[in-house]
Amino acid sequence: YRLFLKAFSNNTRFEIIKLLRKKSMSVSEIIAKTGFEQSRISHNLKCLENCGFVNSKVKGNQRIYELDKKHILPILREIDKHLKSYDKRLVNCGIIKK
């Protein structure tokens, strides 16, 4: 569990995952949305791709990234459902806020 959740706990990877939930994107599109440096985005996309969270395909001269639709998107949807029941507790948890 720890390694799986660690992939989500990194701020850069989390921002990438949030963007890719909406639509497939190229590195340049992700950079434009996040303001992060290209090397930072590329490094974290490689991590997400190696972990199997993200897939890529070549379109023209760009590589387009998308979340794994078969496994990761369903997991994220389930997490969304359960987070609603924990929202108040998480917001009020003084330990997590630190």
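Sorted by first and then second residue, the pairs that involve residues 78-87 and meet side-chain hydrogen bond (donor to acceptor under 3.5 Å, both in side chains), not counting sequence neighbours, are R21-D80, E78-K81. Applying the salt bridge (Lys or Arg N to Asp or Glu O under 4.0 Å) test to residues at least two apart or on different chains, none of the pairs has a partner in residues 35-62. Applying the ring-ring contact (aromatic ring centres under 6.0 Å, His included) definition to pairs two or more places apart or across chains, those involving residues 16-69 are F4-F53, F8-F53.
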Step by step, would you call R77 with L73 a side chain to side chain contact (heavy atoms under 4.5 Å, CB included)? CA-CA 6 Å; R77 287 186 194 112; L73 277 178; 4.0 Å; yes
Residue pair L20, I30: steps toward the side chain to side chain contact (heavy atoms under 4.5 Å, CB included) verdict: CA-CA 9 Å; L20 294 180; I30 296 170; 4.3 Å; yes
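Scored by the side chain to side chain donor-acceptor pair (under 3.5 Å) test, N61 finds no partners at all (sequence neighbours excluded). Looking at residues two or more places apart in sequence or on another chain, you find a side chain to side chain donor-acceptor pair (under 3.5 Å) between S26 and S28, E29. Scanning for side chain to side chain contact (heavy atoms under 4.5 Å, CB included) contacts around S42 gives V27, Q38, with sequence neighbours left out.
Across L67, I17, N10, a single residue satisfies side-chain contact (heavy atoms from CB on, under 4.5 Å) together with L48, and that is I17.
At a threshold of 4.5 Å between non-hydrogen side-chain atoms, the residues L83 and L90 count as touching. Annotation: side chain of I16 is in contact with side chain of I41 (closest heavy-atom distance under 4.5 Å). The closest side-chain heavy-atom distance from K33 to M25 is below 4.5 Å.
Residues I64 and S24 approach most closely at CG2-CB, 3.6 Å, considering heavy atoms. R63 approaches S56 most closely through the heavy-atom pair NH1-OG, 2.9 Å.
Criterion: ILVMFWY side-chain heavy atoms under 4.5 Å apart, direct or through other members. Under it, I75 and V54 are part of a common hydrophobic cluster.
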